[in-house]
2 protein chains.
Amino acid sequence: MKILILGADGYLGWPTVMYFSKKGYEVYAVDNLSKRKIETEYGVEPINILKPFNERVNIWNKNQKNQIKYLVADLLNYKVLCEILEEFRPDTIIHYAEQPSAPYSMASREKAVFTQHNNVIGNLNLLFAMKKFCPNSHLIKLGTMGEYGTPNIDIEEGWLELEHKGRKDRVLFPKKPGSFYHLSKVHDSANIEFACRIWGLKCTDLNQGFVYGISTEEMELDYENLSTAFHYDSIFGTIINRFITQIACNKDMTVYGKGDQKRSYLNISDTIKCVSIACENPPKNGEFRVFNQFTEFCSLNEIAKKIKNYADKNKIRSNVTHIENPRIEDEDHYYNPTNTSLISLGLKPIIMDDNQIDKIFKLVKKNQNRINLNTLDPNIKWKK
Amino acid sequence: MKILILGADGYLGWPTVMYFSKKGYEVYAVDNLSKRKIETEYGVEPINILKPFNERVNIWNKNQKNQIKYLVADLLNYKVLCEILEEFRPDTIIHYAEQPSAPYSMASREKAVFTQHNNVIGNLNLLFAMKKFCPNSHLIKLGTMGEYGTPNIDIEEGWLELEHKGRKDRVLFPKKPGSFYHLSKVHDSANIEFACRIWGLKCTDLNQGFVYGISTEEMELDYENLSTAFHYDSIFGTIINRFITQIACNKDMTVYGKGDQKRSYLNISDTIKCVSIACENPPKNGEFRVFNQFTEFCSLNEIAKKIKNYADKNKIRSNVTHIENPRIEDEDHYYNPTNTSLISLGLKPIIMDDNQIDKIFKLVKKNQNRINLNTLDPNIKWKK
């Protein structure tokens, strides 16, 4: 089985590359390194020292029989993309290769345009290249639960069976995304659904909650050399990773606004498992399938409380402060998203317990001297 | 009242410019002339001889007291766009400035990417420039009924009050667009709804049926010099204009596929009236309002039948041929779109009767020597 992983140098891309290599897949890892460039631009760094993309792959290849092939390339370069697909003809394509930060997309017009251009056109190029060279490949596309917003009805998995004035239809679930980044993913989903419907491509769109955690089985083989980026900053850091960094630095956990905003999340190891489950259970040709990819959901306050409980038990000082919400979002809302598809296909969720928090806490403590506390505070506002 | 018209050189833009000028508005007309460039590229021409953009405006200005200001500029050039808004500070912005052809967007990857990039990024630039220089302006944005596709439920106006598992919400109407062009309009709508929600901009999104007809009151002042483009070709020609051209040339009316596809449409004079009604009845700040802008709907076969009836009465030979559908679309479906908003605000629909058909027929006959019959047949297929 041949698998092409786009965005292979990212927080999720890199562990995905190692996972499928270890499993015996023929892996082709591609990245344009744009996230490392954005890190440089904003002066934010992961807490751990990351080897360059090529070096990480070379280290893996030195110690493993199953070799990973890699390339630095950009989906906006259609010619190179075609060369990759024509040569490799993957069975599965995992597409993480998008600008992944909501705050970044809200920083300015330039960043909003960059995000939508990069994500939407890159994805369009991929659809056209697939149609041309590998129309039977299974596209696994990473979306986000943030595409849905916080509707007052249950969030179904991508599609909605609805009844209106006595008539029925099955429609794409109506969305209310919360940033230009989230909008770019909504646009992608609409373009992909069309490509499935018109050209018969097949896709699994994974609407993912935010991911926390620092390690997967494959990283543990050689954590020093194979770890993935752990971000705690306000641009790339997800909330659980950020809160744990704050308590490790003897800082208050900063909750945006009231904190009753509810969000869904999952452990990084479960991301890999979900992608693997999608890969092993492809949809049929022409199908646009959507899975909601998360294992738990609760409010930001409840997340902070779980981390505070861990801190109390371990005699670590912790406190919660509510700061002005830089985002514009409902802070008091109904939230009931469905995630039965992946569970029914065999996902056994990892729960965010003291043990999971402890693993992250220890990594942060170990690298505490690398932390730049200034990058924790949000400096990008949704409305200036 | 100051009104900025973007896409002012187009089929609808140009009559809109004259209408508001005649009404006493201060009009700023902007176009990048991209449609004329696409015409050149594909070797298609309107049936009537069009004066260049600047010349049309100059002729108008010579004969009218209320002067139109104009500029050739592209929404993709953010700097120029900002200069326009900063200098002019319009009360209303009418945004027609998008690549308007579904077949063009389906011709190749390049055309699909051009369409989505041009439309989505141009519109994004406009939102950012409005936020900066005229956040209280009313944006009137042209969308299309084709964004909805042909759902099995009634098509409401942009929003849907829905009930799901005993809970209620008001959501954006779920869409199923039929081309990369239609998708670009869906993406625009999603971006605009977000800008209204987050920044408090106000917008009327006009989801328009296809437009037929050749003249408006202002054109009649000097049709030779002030007419708008009449396209009969398979790229820019809308179906009624195309069918009438076919009977005028003693050709069969070519219906795509079974012809039971139902579509909504309106006369070009009603387009201008609808835009005027939207302009005079702005939404409140922060509101994303959607009107379905059409006056009639029926199947392609019924449209052909109406034109055949006119032909029979006037002893013109006419015949209907069904050709292979170049598009992928439902040819047998439920269709019941709502259009009560504009009617309740005062629109008195023009019905497509023999008189309307006759006006078009006579224009075509007069310019018959300019018709290139080769451009009538669709040569762009949705699936190659």
Side-chain angles (χ1 to χ4, degrees), chain A residues 76 78 82 106 108-110 112-113 116-117 120-121 124-125 127-129 131-132 149 151-154 156 159-180 182-184 186-187 190-191 193-195 197-200 327-329 334 336 382-384, chain B residues 76 78 82 106 108-110 112-113 116-117 120-121 124-125 127-129 131-132 149 151-154 156 159-180 182-184 186-187 190-191 193-195 197-200 327-329 334 336 382-384:
Chain A
L76 294 179
Y78 185 63
C82 284
M106 297 302 292
S108 66
R109 182 200 67 94
E110 286 74 12
V113 166
Q116 293 212 349
H117 178 260
V120 174
I121 305 300
L124 259 187
N125 280 347
L127 295 173
F128 274 91
K131 169 172 166 262
K132 193 165 179 183
N152 197 41
I153 57 170
D154 288 1
E156 306 298 343
W159 294 88
L160 177 67
E161 303 275 353
L162 68 78
E163 197 174 323
H164 178 58
K165 296 181 177 171
R167 298 187 59 85
K168 289 179 183 181
D169 203 356
R170 179 175 181 260
V171 299
L172 285 182
F173 196 95
K175 292 178 175 173
K176 203 172 183 179
S179 74
F180 287 114
H182 292 101
L183 279 154
S184 77
V186 172
H187 305 342
N191 283 338
E193 186 276 331
F194 177 72
R197 172 159 43 100
I198 300 297
W199 298 333
R327 307 186 177 208
I328 296 179
E329 57 189 13
Y334 180 75
N336 190 29
W382 262 230
K383 188 171 186 172
K384 280 175 203 104
Chain B
L76 294 179
Y78 185 63
C82 285
M106 297 302 293
S108 66
R109 181 199 68 92
E110 286 75 11
V113 166
Q116 294 212 348
H117 178 259
V120 175
I121 306 299
L124 259 188
N125 281 347
L127 295 173
F128 275 92
K131 169 170 165 265
K132 194 164 177 184
N152 198 41
I153 56 169
D154 289 1
E156 306 298 342
W159 294 88
L160 179 66
E161 303 274 353
L162 70 76
E163 197 173 325
H164 178 59
K165 297 183 178 171
R167 298 186 59 85
K168 289 179 182 181
D169 204 356
R170 180 175 180 259
V171 299
L172 284 181
F173 196 96
K175 292 178 173 172
K176 204 172 181 180
S179 74
F180 287 114
H182 292 102
L183 279 154
S184 76
V186 172
H187 304 342
N191 283 339
E193 186 275 331
F194 178 71
R197 174 160 42 100
I198 301 297
W199 298 334
R327 305 184 178 210
I328 296 178
E329 58 191 10
Y334 180 75
N336 191 29
W382 263 229
K383 189 170 185 173
K384 279 171 206 108

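Chain letters run A, B, ... following the sequence lines, proteins first and then strands; every chain starts at 1.
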Enquirer: So for B:Leu127, is it side chain, backbone, both, or neither that comes closer than 4.5 Å to the heavy atoms of chain A?
Expert: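 Interface part for B:Leu127: neither.
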Enquirer: Considering only heavy atoms, which portion of B:Ile198 lies under 4.5 Å from any heavy atom of chain A: side chain, backbone, both, or neither?
Expert: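 Both parts, heavy atoms under 4.5 Å.
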Enquirer: Heavy atoms only: give me the nearest A:Trp382-A:Ser179 pair and the separation to one decimal.
Expert: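 Result for this residue pair: CZ2-CB, 3.8 Å.
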Enquirer: Heavy-atom distance under 4.5 Å to chain A: side chain of B:Lys176, backbone, both or neither?
Expert: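 For B:Lys176, backbone and side chain are both near chain A.
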Enquirer: By a 4.5 Å heavy-atom criterion (distance strictly below it), what part of B:Phe173 contacts chain A: side chain, backbone, both, or neither?
Expert: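 For B:Phe173, there is no contact with chain A at all, as no heavy atom is under 4.5 Å.
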Enquirer: Please look at B:Lys132 and chain A and tell me whether the side chain, the backbone, both or neither of the residue comes under 4.5 angstrom of a heavy atom of that chain.
Expert: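 Contact with chain A is absent: no heavy atom of B:Lys132 under 4.5 Å.
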Enquirer: Any carboxylate oxygen within less than 4.0 angstrom of a Lys/Arg side-chain nitrogen, looking at A:Arg170 and A:Glu156?
Expert: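 No, this pair does not count.
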Enquirer: Under the criterion side-chain contact (heavy atoms from CB on, under 4.5 Å), I'd like the reasoning laid out for A:Leu172 against A:Trp159: C-alpha separation, chi angles, the key distance, then a yes or no.
Expert: CA-CA 4 Å; A:Leu172 285 182; A:Trp159 294 88; 3.7 Å; yes
Enquirer: Pick from B:Ala195, B:Pro151, B:Pro177: which one has the most heavy-atom pairs with chain A under 4.5 Å?
Expert: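 Counting heavy-atom pairs under 4.5 Å, the top option is B:Pro177.
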Enquirer: Would you mind telling me which of A:Ser184, A:Gly178, A:Gly200 has the largest number of heavy-atom pairs within less than 4.5 Å of chain B?
Expert: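 Most heavy-atom pairs under 4.5 Å with chain B: A:Gly178.
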Enquirer: In chain order, what residues pass the side chain to side chain donor-acceptor pair (under 3.5 Å) check against B:His117, with sequence neighbours excluded?
Expert: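 Scan of B:His117 (side chain to side chain donor-acceptor pair (under 3.5 Å), adjacent residues dropped) gives none.
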Enquirer: Indicate the atoms forming the closest heavy-atom contact of A:Trp199 with B:Lys383, along with that distance.
Expert: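 Reported closest heavy-atom pair: O-NZ, 3.6 Å.
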Enquirer: Between B:Asn191, B:Leu124, B:Leu160, which shows the greatest number of heavy-atom pairs under 4.5 Å with chain A?
Expert: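 Ranked by contacts with chain A, first place is B:Asn191.
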Enquirer: Write down the atom of A:Lys175, the atom of A:Val186, and the distance for their closest heavy-atom approach.
Expert: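 That would be CD-CG2, 3.9 Å.
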Enquirer: Could you tell me which residues satisfy salt bridge (charged side-chain N to carboxylate O under 4.0 Å, His left out) with A:Arg197, sequence neighbours excluded, listed by chain and number?
Expert: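 For A:Arg197 the salt bridge (charged side-chain N to carboxylate O under 4.0 Å, His left out) partners, ignoring immediate neighbours, are A:Glu193.
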Enquirer: So what's closer than 4.5 Å to chain A heavy atoms on B:Val120: side chain, backbone, both or neither?
Expert: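 Only the side chain of B:Val120 comes within 4.5 Å of chain A.
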Enquirer: Please state whether the side chain, the backbone, both or neither of B:Ser108 comes within less than 4.5 Å of a heavy atom of chain A.
Expert: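 The backbone, not the side chain.
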